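Only a predicted model underlies this, so the values are computations on that prediction, with no experimental measurement involved. Chain naming here is simple, since letters A, B, ... match the order of the sequence lines and numbering starts at 1 in each.
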Protein chains: 2
Amino acid sequence: MLLTTRALDTKIPAHDRVYRRLRTRIMHGDLPPGQALTIRGIGNEYEVSMTPAREAVRRLAAEGALTMSASGRISTPELSNERIEELAALRALIEVELASRALPRAHLALIERLQVTNGAIAEAVAHRDAVSYIRTNLEFHRTLYLRAQAPAMLAMAETVWLQMGPTMRALYGRLRRTEPPQFHRLIIAALRAGDEPGLRLAVRSDVTQGLRMLAS
Amino acid sequence: MLLTTRALDTKIPAHDRVYRRLRTRIMHGDLPPGQALTIRGIGNEYEVSMTPAREAVRRLAAEGALTMSASGRISTPELSNERIEELAALRALIEVELASRALPRAHLALIERLQVTNGAIAEAVAHRDAVSYIRTNLEFHRTLYLRAQAPAMLAMAETVWLQMGPTMRALYGRLRRTEPPQFHRLIIAALRAGDEPGLRLAVRSDVTQGLRMLAS
DNA sequence: TGGCTGTTTTTGTGATCACAAGTCCTTATG
DNA sequence: CATAAGGACTTGTGATCACAAAAACAGCCA
């Protein structure tokens, strides 16, 4: 029997494929803030018709990853400073809780994985690669939070990341530094020591740290 | 010139109308958990074709108001106890912050509006009307949180409410009490006194109070 | 009577088309 | 040269249809 490109074809719907790929690009900062998109353009890029492209856009708009003007035009969000502050506060609230819940379950293998990821972050910083930086940084946080066994909270945190994606790219793009995030080391140290107050402070500091770049 | 039913027709798209009406019904507990829905059925009910009905469903599914099975079947969510605990914790985190931010802006007119709303809640409780209870209760919280001037946080809180809508109905349906929520009086008292720690505690207590019904 | 198999119906998915509103560019006019 | 008006093009919206897969149902056999 002849099989298609993949054995055991999982048969993912087209709208889901388009959604996932677009979502990844937005979350990682592959698109700048205010970038205009069209349904026909998306459909053309992913070789699907307007229908699944429209559903992917609608889904992303519902999550705040895309904004729609009154006339229905689609673009990545341009966040005001007030909204960035709000989203950072949400990150602090949710991610501190996630880290706290992950702490009792964080064994040595997890901490070592975090250190490896932290090395990848340092490499992205050294190469001035904004997209790689954002991707590995989110991977660091997600690796930790997955241990919290709290899928609804993690989904909320990822929604916030998604909304900040294009803006993060713009912020880190104007940042010119060579050292990796120092608070990640504090997070790892607190995990090793089982120090919950220290962990909460370290996560909060790491999450709200990017806010200082707004003063530039 | 002849006008339609509304002067200055705002021209709301069909998918948006369907979305809003469905969303309100779900958030207020008009649908029980696990209720099956079909795209054609929704389109028929609101007199639109499959296309806008599908977009409304997709949007609600993205917000967690509806769940889709692997084969694409649509239903209201049936939450596990673990997920209810998570959502309640999210409510506590976000709404305590919203209340805290609203406190400095809460003047007397707002507090009086909250008391009027609280009276409506008592009436709904007296009539054993679960939907009215949920609606007025959310109105109480939203009235307060609107003063926080934090639209992103409020949207997050409403998303959590939306996910809990059908389950709230089931929980309050099995509840047989006659007194209105006592913590609302504490919230109002803390607002009057400008007592921020007291407000945070009162909101947290009110939000997590419903969890005790899970033991039944 | 109970379980299984075949068919029929229901249901979500994706493509295509018509349409209206918005946007952009050209052009004429002051 | 600047500006406004006109048309051409782009773009989102909604309806309809074909199709495949899943669910529901009926009938058959042990």
For this session: Would you list the pairs meeting side chain to side chain donor-acceptor pair (under 3.5 Å) in which at least one residue belongs to residues 31-40 of chain A, sequence neighbours left out?
Result: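 Passing the test, one end in residues 31-40 of chain A: no pairs.
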For this session: Output all residues satisfying side-chain contact (heavy atoms from CB on, under 4.5 Å) with Glu112(A), sequence neighbours left out; order by chain, then residue number.
Result: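 Listed in chain order: Leu108(A).
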Problem set entry | Counterpart residues, side-chain contact (heavy atoms from CB on, under 4.5 Å), relative to Val160(B) (two or more places apart) |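 In terms of side-chain contact (heavy atoms from CB on, under 4.5 Å), with neighbours along the sequence ignored, Val160(B) is linked to Met156(A), Leu87(B), Leu90(B), Arg91(B), Met164(B).
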Check the interface with nucleotides 7-12 of chain C: list each N/O to N/O pair with the protein under 3.5 Å, or write none.
from, atom 1, to, atom 2, distance (Å)
dG12(C), OP2, Ile39(B), N, 3.0
dG12(C), N7, Arg40(B), NH1, 2.8
dG12(C), O6, Arg40(B), NH2, 3.1

Exercise. Got a sec, which residues hit side-chain hydrogen bond (donor to acceptor under 3.5 Å, both in side chains) with Glu78(B), two or more places apart in sequence or on another chain?
Worked result: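 Expected list: none.
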For this session: Please identify each residue that fulfils side-chain hydrogen bond (donor to acceptor under 3.5 Å, both in side chains) with Glu97(B), with sequence neighbours left out.
Result: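 For Glu97(B) the side-chain hydrogen bond (donor to acceptor under 3.5 Å, both in side chains) partners, ignoring immediate neighbours, are Arg101(B).
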Listing request: all ring pair (Phe, Tyr, Trp, His ring centres under 6.0 Å) pairs with a residue in [range], at least two apart in sequence or in separate chains.
range: residues 31-54 of chain B; result: none
range: residues 13-41 of chain A; result: none
range: residues 134-165 of chain A; result: Phe140(A)-His184(A), His141(A)-Tyr145(A), His141(A)-His184(A)

Exercise. Is the closest basic N to carboxylate O distance between Arg142(A) and Glu158(A) below 4.0 Å?
Worked result: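 Looking at Glu158(A) together with Arg142(A), the answer is yes, because their closest N to O distance falls below 4.0 Å.
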For this session: Return each pair, listed once, that meets salt bridge (charged side-chain N to carboxylate O under 4.0 Å, His left out) where at least one residue sits in residues 49-66 of chain B; pairs must be two or more places apart or across chains.
Result: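 Only Arg54(A)-Glu55(B), Glu55(A)-Arg54(B), Glu55(A)-Arg58(B), Arg58(A)-Glu55(B), Asp16(B)-Arg59(B) qualify under salt bridge (charged side-chain N to carboxylate O under 4.0 Å, His left out).
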For this session: For the helix from dT1(C)-dA30(D) to dG30(C)-dC1(D), figure out the bend between the end axes, five pairs an end, and round to 10 degrees.
Result: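 Roughly 20°, once rounded to the nearest ten degrees.
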Exercise. Mapping Thr51(A) and Ser69(A) to their closest nucleotides on DNA chain C, which lands nearer the 5' end?
Worked result: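 The answer here is Thr51(A).
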Exercise. Mind checking which nucleotides bracket the chain B contacts on DNA chain D, 5' to 3', with an atom under 4.0 Å from a heavy atom?
Worked result: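 From 5' to 3', the first and last contacting nucleotides are dT13(D) to dA23(D).
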